[in-house]
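A quick write-up on the structure given underneath.
Residue numbers begin at 1 in each chain, while the letters A, B, ... track the order of the sequences. The analysis underlying the following values was restricted to heavy atoms, covering all of them including side chains, and did not include hydrogens, waters or symmetry mates.
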Amino acid sequence: MSDILTHLNQAQKQAVECSEGPVMIIAGAGSGKTRALTYRIAHLINTGVDPFNILALTFTNKAAREMKNRVISLIGSSEGRNVWMGTFHSVFAKILRIDGNNLGYSSNFTIYDTDDSKRLIKSIITDFNLDPKLYAVSFVLHRISSAKSNLFSANDYINDSEIRAADQKSGKGMIGEIFQAYNARLRRSDAMDFDDLLFNTNLLFRDYPEILYKYQHKFRYVLVDEYQDTNHAQYFILKKLAALHENICVVGDDAQSIYAFRGANIRNILNFKNDYPDHKLFRLEQNYRSSKTIVKAANNIIANNKDQIRKTIWTDNDDGELITLLRAKSDQEEATLVANSIFGVKMSQQRKNSDFVILYRTNAQSRNFEEALRKQNIPYKIYGGLSFYSRKEIKDLLAYFRLVINPHDEEAFLRAINYPARGIGKTSIERLQVIADQNEKSLWDVACQINNLNSEINRPTIARIMDFAIMIRSFKAMLHTHNAFDLAKHITASVNIIKELKEDDSPEGISRIENIEELLNAIKDFTTREPEPSLDGNDEQAGMKLLSEFMSEVSLITDADKEDKNDADYVLLMTIHAAKGLEFPYVYVVGLEENLFPSIQSLNTREDLEEERRLFYVAVTRSELKLTLSYAESRFRWGNLTMCEPSRFIDEIDPHFIDKPRRAPFSGPSFLQSSSEMSDTKASKMKPLHPTASQTDATNANESFEASDTTALQTGMTVAHQKFGTGKVISVEGKGADKKATVFFNGFGQKQLLLKFARLQILE
DNA sequence: TCCGATCTATTTTTT
DNA sequence: ATAGATCGGA
């Protein structure tokens, strides 16, 4: 065992060596936070702590996996595999699968995702005959979710006069009742939602002291990453879990707390001091990631927040390049400028695509950048966005898997029985639900006995329901005799999903089939993967990998957990939230406009605005060498053109760190110009820049363009479009404001244009 | 029961 | 703009 501590700076070393008792590490962006945590675990093991006695909670499963691998290579032994590492949700799900039977759940309970929860709430609102406009599903779910993450049960909710008054005031006095019904239906389905994983773990520890003791005893050392993003439930459970040994180490940065909207509580950091008065506090303030310019600019930004623990982040790195600010006329032009800039830097600096990232506030912004990158032939990849596992075709197929593992899972039942169509319609399903409610049984139980029950369902439909039940039962029989992949393949083939999708040969239809293939490949990978060490440390189930095991992993997987393929070289596009913990040489933070970033919903309270600013801080501190900011003066939002003001956040950075705003020439070698010369800040406020030669050309091209009156537009005409160049009109449909033309443009292919917006010049 | 046409809300972020 | 929901007719 070599002395690993020599790789650390003084502060990191102290934080790692202080292994007993409560420890809080306040770690600035890029200060080697994960490094400290990893070394701490390695150091614990090297000084004789059994890895089985260590629990490390991370923000994503990917972070856990990476940390585990680093620990293993640091200590030079695969013993490191035995550390329990994962997200709060996945670790607690494991605990509940082992001990949740005490609370009345089977070990195969289903985890409902947000989509399932919303469907369930929606059906309850309908059952209660409530106005769906007043009781918006996402609002109701949000209320329930915050209650649960503050450890409020449905009864607590109903009996709390303050909550009741608030709900009644807004005319939504029934939320408590919906909450109750929602929980009851989850129970009936042997299912938990995300918040239940925390809520029920707390319940288990509260009501079963011997179980709490078991885990307190097991986890002699508890480490928590990203502590600033824990919510009340997580905080409370942690405190219980660590109560016996008090060997708890939390690592966090209040300046990077960006999940308050989902219940994260920065006060947990302050509470730590009160709960453990004899704690040791360490500060990591040296940044190893970014240039001086970036570190200082980031400090400028965060200084505007009142609510923070003061600290001084500094770096020994070079000054680095100035921050570039790009101003675009439209959202489309913004994307073009960014793509051109990436292309330029890539060429002049000989950089890989993966050295670049584009960060935006909302997923909806990705579209323009995709188009612009495609035009520049720059490979890109969207990270996150619509998650793979929330695609319809994937959920449809997973519904069958879920149902086979837990037949009481009602959301899965409803999905599976509904698709592919098998002649069981809405009316029959409703009747099934009525019987289920009356007898307090799951839909599955009702379906199995439908032949013996009095129902108004007609004979042929009853036969179809029975066929469905027989099919599911036949899959169930294979659960333990077949491995995950064989069973998944069998089910996929038997339910004709592929056959159904093959009817649709559009690009979307083909991609759906590819997605299903990808899912089956993932299951195949899983089936052939090395078995994880089992939970209690004895590998009694060294045999087959079962579908149920795959499914219990899948429900907590997010796109952020996907392994990156090492050979891949892409420019990455992602939301700032998704970028937490990552770093890139070249970072583009786009859409810096008022009402977008900061988001319009965050302008009401200081707290919300400060969270938004922390989000900007996180974005800026992702960059190592060079940061580029951009905004557009106009943007399409919900279908129409909106004028935009530059974000207040831009002005919070000392202008000395910013290169003057410029519109890079539309075409031409912008990257050949030096961008690092200091700018006159006064001049930078003035709008037009000294036009470069190519910029003049572009302007002229714009000015010579005159849109024609298109009321007489006809098939066969040749037209010009500012962006797409010349093209031939293939067809004209609709009339008035809805009049559209299909035009084939050379080099851009066929486009549908709404004539109201598209400015076309008729050439002949 | 199924299918197409029309209407609608969506855009904050996610375990 | 667009996907999903809803409604009405076959």
Side-chain angles (χ1 to χ4, degrees), chain A residues 57-64 86-93 111-115 117-119 122 126 132-133 136-138 141-142 145 148-149 192-198 226 229-231 233-234 257-264 331 359-368 384-387 389-392 418-429 458 460-461 464 508 555-561 574-580 591 595-603 608 611-612 614-616 618-619 635-642 738 740 752-754 756-757:
Chain A
L57 296 162
T58 57
F59 194 69
T60 62
N61 290 304
K62 187 181 175 190
T87 59
F88 277 91
H89 288 86
S90 63
V91 166
F92 292 170
I111 299 171
Y112 273 17
D113 65 14
T114 309
D115 192 51
S117 297
K118 283 187 172 169
R119 279 165 192 268
K122 193 166 182 216
T126 315
K133 286 210 175 102
V137 172
S138 47
L141 179 59
H142 181 246
S145 172
K148 284 184 179 178
S149 41
M192 300 190 199
D193 67 12
F194 288 137
D195 303 304
D196 286 336
L197 296 174
L198 310 182
E226 311 281 11
D229 285 325
T230 51
N231 64 26
Q234 291 166 331
S257 160
I258 52 176
Y259 284 97
F261 73 90
R262 88 177 190 217
D331 48 351
L359 301 178
Y360 35 76
R361 180 72 232 292
T362 66
N363 279 309
Q365 285 165 260
S366 69
R367 212 173 207 170
N368 289 316
L386 183 61
S387 151
Y389 289 100
S390 57
R391 286 166 210 269
K392 184 181 176 298
N418 184 254
Y419 184 88
R422 50 172 60 80
I424 304 170
K426 216 172 138 198
T427 326
S428 309
I429 297 292
N458 60 42
T461 308
R464 291 189 203 110
E508 295 83 24
S555 39
L556 291 169
I557 281 182
T558 61
D559 277 11
D561 294 324
M574 63 181 92
T575 64
I576 300 165
H577 283 88
K580 183 159 118 152
N595 298 338
L596 179 61
F597 193 17
S599 137
I600 192 159
Q601 285 92 337
S602 68
L603 298 178
D608 287 349
E611 170 144 324
E612 207 75 359
R614 291 192 296 270
L615 194 56
F616 186 45
V618 168
R635 171 180 301 276
F636 272 97
R637 295 184 82 178
W638 46 84
N640 42 24
L641 195 65
T642 335
D738 289 330
K740 300 185 259 232
Q752 274 230 328
L753 303 166
L754 204 53
K756 188 168 64 165
F757 295 122

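Taking 4.0 angstrom as the limit, A:S599 places none of its side-chain polar atoms (N or O) nearer than this to OP1 or OP2 of B:dT13. Between B:dT12 and A:T575, no contact under 4.0 Å exists linking OP1 or OP2 to a side-chain N or O. For A:N363, no side-chain nitrogen or oxygen approaches OP1 or OP2 of B:dT11 to under 4.0 Å. Contact annotation: A:R422 does not reach the phosphate of B:dT1 (side-chain N/O to OP1 or OP2, under 4.0 Å).
Closest approach of A:T575 and A:L359 over heavy atoms only: O-CD2, 4.3 Å.
In this structure, A:S90 and A:S428 both approach DNA chain B, and ranking their closest nucleotides by distance from the 5' end singles out A:S428. Taking for each of A:E611 and A:G423 the nucleotide of DNA chain B with the nearest heavy atom, the 5'-most of the two is the partner of A:G423.
Between the CZ atom of A:F194 and the P atom of B:dT14 there is a distance of 12 Å, given to the nearest Å. Separating the CD1 atom of A:I424 from the C1' atom of B:dC2 is a distance of 14 Å, rounded to the nearest angstrom. Distance, A:N418 CG to B:dC2 C1': 11 Å, rounded to whole Å. Following rounding to the nearest Å, A:R635 (CZ) and B:dT11 (C1') show an atom-to-atom distance of 12 Å. Separating the OH atom of A:Y112 from the C1' atom of B:dT15 is a distance of 18 Å, rounded to the nearest angstrom. The NE2-P distance, from A:H577 to B:dT11, rounds to 15 Å in whole Å. Separating the NZ atom of A:K580 from the P atom of B:dT15 is a distance of 11 Å, rounded to the nearest angstrom. Distance CD1 (A:I576) to C1' (B:dT14): 15 Å, rounded to an integer number of Å.
Using a 4.0 Å heavy-atom cutoff across all strands shown, A:K122 reaches sugar-phosphate atoms only and no base atom. Looking at heavy-atom distances under 4.0 Å, A:T427 makes contact with sugar-phosphate atoms alone, never a base. Residue A:R367 is classed as a sugar-phosphate contact, given heavy-atom separations below 4.0 Å to backbone atoms only. If you check every strand for non-hydrogen atoms under 4.0 Å, A:Y259 touches sugar and phosphate atoms only.
By the 30° and 60° cut-offs, the orientation of the rings of A:F616 relative to A:F597 is perpendicular.
Partner of A:Q365 under the side chain to side chain donor-acceptor pair (under 3.5 Å) criterion, out of A:N368, A:T362, A:N363: A:T362 alone.
Look at the P atom in both C:dG4 and B:dT13: the space between them is 16 Å, to the nearest Å.
For A:R361 against B:dT12, a side-chain N or O and a base N or O form a donor-acceptor pair under 3.5 Å. A donor-acceptor contact under 3.5 Å is formed by the side chain of A:T114 with the base of B:dT15.
Out of B:dT15, B:dT11, B:dT13, the shortest distance to the side chain of A:R262 is found at B:dT15. For A:Q601, counting side-chain heavy atoms from C-beta on, the closest listed nucleotide (B:dT11, B:dT1, B:dT15) is B:dT11.
A:R614 places a side-chain N or O within 3.5 Å of a backbone atom of A:S257 that can act as its donor or acceptor partner.
Stacking here means ring centres nearer than 5.5 Å and ring planes tilted less than 30 degrees, and by that measure A:F261 stacks onto B:dT13.
Residues forming a ring-ring contact (aromatic ring centres under 6.0 Å, His included) with A:F88 (at least two apart in sequence, or on another chain): A:F92.
A:H89 contributes atom NE2, which lies 12.0 Å from atom CE of A:M192 (distance to the nearest 0.5 angstrom).
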